[in-house]
Number of protein chains: 2
Amino acid sequence: MSLVVVGSIAFDSIETPHGKVDDALGGSASFFSYAASFFTTPRLVGVVGEDFPEANRKLLESRRIDTSGLVTQPGKTFRWKGRYHEDMNTRDTLEVHLNVFGTFNPVLPEAFRDSTHVFLANGSPVLQAKVLEQVRKPKLVMADTMDLWIETQRDELLKLLPRLHGLLLNDSEARLLTDQDNMIKAGQAVRKLGPKFVIIKKGEHGAMLFSDDGVFVIPAYPTEEVLDPTGAGDSFAGGIMGYLDSDDSPPPGRLRRAMAYGTVLASLAVEGFGLDRLKQTRREEIDERLEWYRTMLAF
Amino acid sequence: MSLVVVGSIAFDSIETPHGKVDDALGGSASFFSYAASFFTTPRLVGVVGEDFPEANRKLLESRRIDTSGLVTQPGKTFRWKGRYHEDMNTRDTLEVHLNVFGTFNPVLPEAFRDSTHVFLANGSPVLQAKVLEQVRKPKLVMADTMDLWIETQRDELLKLLPRLHGLLLNDSEARLLTDQDNMIKAGQAVRKLGPKFVIIKKGEHGAMLFSDDGVFVIPAYPTEEVLDPTGAGDSFAGGIMGYLDSDDSPPPGRLRRAMAYGTVLASLAVEGFGLDRLKQTRREEIDERLEWYRTMLAF
């Protein structure tokens with residue numbers, strides 16, 4: 001089993017009601033691969049500028065993340081600056097500098113092309129399709145998307161969907177894609193567009209899974225200390241795909257366990273700025289949190 | 001064990017994107033007692049006008065609800081008219097005629113004063129305290145409240161809270177009462193005001209329980225066909241209190257099972273207008289739905 005992720009590497013400057021941080025290592029591929037690294041040895045494909053410190057690459061490698069697909073290009077690394085509102089659920093983007101990520105044309109190293117598990121982090125469906133074509137025989141492909149692509153590249157997205165096993169999107173995006181207000185109907189409608197399974201993220205309200213086994217709804221892990229929600233969705237995805245890559249048992253139950261692990265990883269990610277909290281955790285803590293979560297949901 | 005509920009009996013005229021109904025039997029005490037009747041024989045205290053059809057009383061009695069506390073007064077029954085928006089989560093109140101409910105001064109029949117379980121449906125905290133004084137030795141008292149009382153009778157509410165075992169309120173009300181945006185912190189802050197346990201309702205996103213055993217979060221039952229959300233909260237409460245009245249086992253787990261039953265009753269209530277769907281269900285269906293829900297939450 002082998003998992004490859006293609007996504008962004010960024011420097012995030014974040015302000016929340018609980019503090020602020022400048023130029024923290026972030027981006028979908030960072031959070032995803034870090035979260036997945038507790039289950040497997042992820043392969044990372046991304047691009048950074050000449051300003052990317054060697055220490056960051058070392059940090060990823062210390063988690064046994066294969067960075068041979070992380071290319072350095074002339075120019076600067078993607079930068080994002082944002083401020084979260086008091087409720088921690090909404091945010092304003094203050095600055096976006098795509099820099100080298102703006103012309104990113106992902107090329108998978110030859111050694112990555114036999115990957116069995118593929119995560120196409122949020123990106124244009126055209127680029128996501130190009131990545132997919134480079135993987136020889138994927139067993140499980142999951143993609144993330146966002147409102148921007150649903151609005152501006154709907155046709156390209158609709159062409160990609162039947163080629164996916166799973167699609168990950170949030171509730172407002174599911175509503176936008178299907179024009180359904182009821183999330184159960186929305187999830188089922190997304191499945192009709194092609195993906196075998198669909199995961200709808202509802203932030204602090206948890207997530208829903210739609211698959212051949214029906215609907216599965218789980219609450220978020222009850223987290224009191226939300227310091228920084230950035231990266232929660234990608235850590236969730238990393239927990240899901242990392243776990244799936246590590247567990248070859250037949251369904252049913254595998255996807256639900258993966259969702260539970262994803263929930264735990266997301267709950268850890270938001271307890272610190274950037275990767276801070278994930279850097280402090282261990283597989284033992286993750287499993288302890290999973291057991292507590294399992295107990296909480298039993299009655 | 002014996003459960004008494006004091007609340008409103010109303011005629012609801014409701015319009016949702018899925019249909020409409022005129023003068024349907026509703027009100028907190030109707031939904032609560034009907035939902036609770038699948039577990040116990042609830043005692044109902046309320047007031048109606050001379051226009052209240054005998055058939056409605058017979059309907060409640062057919063569920064072995066004791067209506068000897070349901071008094072008829074000169075005038076008309078409480079009437080409410082509302083329209084739900086496309087999202088089914090928000091609504092406009094078009095008309096409210098309190099009628100006989102406006103001067104309701106609840107008096108418990110002598111035979112009700114030994115009740116062990118008491119539900120004080122949404123009402124002024126002054127009236128709720130007056131009801132409580134009439135119960136000799138309550139074992140478990142739960143109350144519902146709303147933004148109106150938090151805003152206009154905060155002191156009276158704060159005086160009532162330490163006398164309750166449980167308080168039921170929704171997320172925006174918890175925010176209003178505690179000034180906390182994070183629902184975990186809000187729930188814990190409400191507990192500090194007196195109630196032994198606190199249940200925060202989050203509508204389609206489920207509910208949270210705060211007790212000595214910590215935090216317990218459950219999703220709503222995934223319901224595709226929401227026809228009319230009216231009465232969901234009171235059916236939830238009826239399922240909880242009805243179950244608690246019927247199960248004398250020691251904690252932990254009892255409150256969580258009760259929350260799960262409440263969730264199932266609420267999911268049934270919203271699948272029809274007024275009491276329509278609850279009228280069609282049986283304890284067997286409720287238990288089947290509970291088992292499916294339990295399976296959904298296991299991983």
Side-chain angles (χ1 to χ4, degrees), chain A residues 17-18 84-90 171 175 179-188 200 202-210 213-227 243 252-263 267 270 290 292-299, chain B residues 17-18 84-90 171 175 179-188 200 202-210 213-227 243 252-263 267 270 290 292-299:
Chain A
H18 303 288
Y84 285 85
H85 299 171
E86 195 56 48
D87 67 4
M88 297 292 268
N89 290 319
T90 49
D171 43 4
R175 211 171 279 130
D179 216 22
Q180 284 284 357
D181 273 317
N182 180 296
M183 275 305 116
I184 317 273
K185 288 187 180 167
Q188 290 165 343
I200 296 183
K202 303 195 298 171
E204 62 168 325
H205 300 304
M208 311 175 89
L209 166 69
F210 301 83
D213 293 327
V215 189
F216 170 58
V217 189
I218 49 171
Y221 186 94
T223 303
E224 197 175 334
E225 296 301 338
V226 179
L227 290 190
Y243 179 75
R254 212 167 62 100
L255 263 174
R256 295 193 287 181
R257 279 197 300 284
M259 294 263 290
Y261 268 115
T263 298
S267 78
V270 302
L290 188 86
W292 189 92
Y293 184 62
R294 189 197 301 276
T295 307
M296 184 191 86
L297 291 175
F299 55 83
Chain B
H18 303 288
Y84 285 84
H85 299 170
E86 196 55 48
D87 67 6
M88 297 292 269
N89 289 320
T90 49
D171 43 3
R175 211 171 278 130
D179 216 24
Q180 285 283 358
D181 273 318
N182 179 296
M183 276 303 116
I184 317 272
K185 287 187 179 166
Q188 289 166 342
I200 296 182
K202 302 194 299 170
E204 63 168 326
H205 300 304
M208 310 175 89
L209 166 69
F210 300 84
D213 294 326
V215 189
F216 170 58
V217 189
I218 49 171
Y221 186 94
T223 303
E224 196 176 334
E225 294 301 336
V226 179
L227 289 190
Y243 178 76
R254 211 166 63 98
L255 263 174
R256 295 192 288 181
R257 279 196 301 283
M259 295 263 291
Y261 268 115
T263 297
S267 78
V270 303
L290 187 86
W292 189 92
Y293 184 61
R294 191 196 299 277
T295 308
M296 184 191 86
L297 291 175
F299 54 83

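Labels below follow one simple rule: chain letters A, B, ... track the order of the sequence lines, proteins then strands, and each chain is numbered from 1. Values reported hereafter were calculated over all heavy atoms of this structure, with side chains retained and with hydrogens, waters and symmetry mates removed.
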Q: Mark yes or no for whether A:R175, through its side chain, and A:A186, through its backbone, hold a donor-acceptor pair below 3.5 Å.
A: no

Q: Return the option, out of B:K185, B:E204, B:E86, with the maximum number of heavy-atom pairs under 4.5 Å with chain A.
A: B:K185

Q: Between A:R256 and A:L209, is there a side-chain heavy-atom distance shorter than 4.5 Å?
A: yes

Q: Kindly determine whether B:F216 and B:L255 satisfy side chain to side chain contact (heavy atoms under 4.5 Å, CB included), including the steps that lead there.
A: CA-CA 10 Å; B:F216 170 58; B:L255 263 174; over 6 Å; no

Q: Select, from A:E225, A:M296, A:M259, the one with the greatest count of heavy-atom pairs under 4.5 Å involving chain B.
A: A:M296

Q: Shorter than 4.5 Å, heavy atoms on both sides: which option in B:D213, B:N89, B:V226, B:T223 has the most such pairs with chain A?
A: B:T223

Q: According to the interplanar angle, ranging from 0 to 90°, do the rings of A:H205 and B:H205 count as parallel (below 30°), tilted (30 to 60°) or perpendicular (above 60°)?
A: parallel

Q: At a heavy-atom separation under 4.5 Å, does A:L290 approach chain B through its side chain, its backbone, both, or neither?
A: both

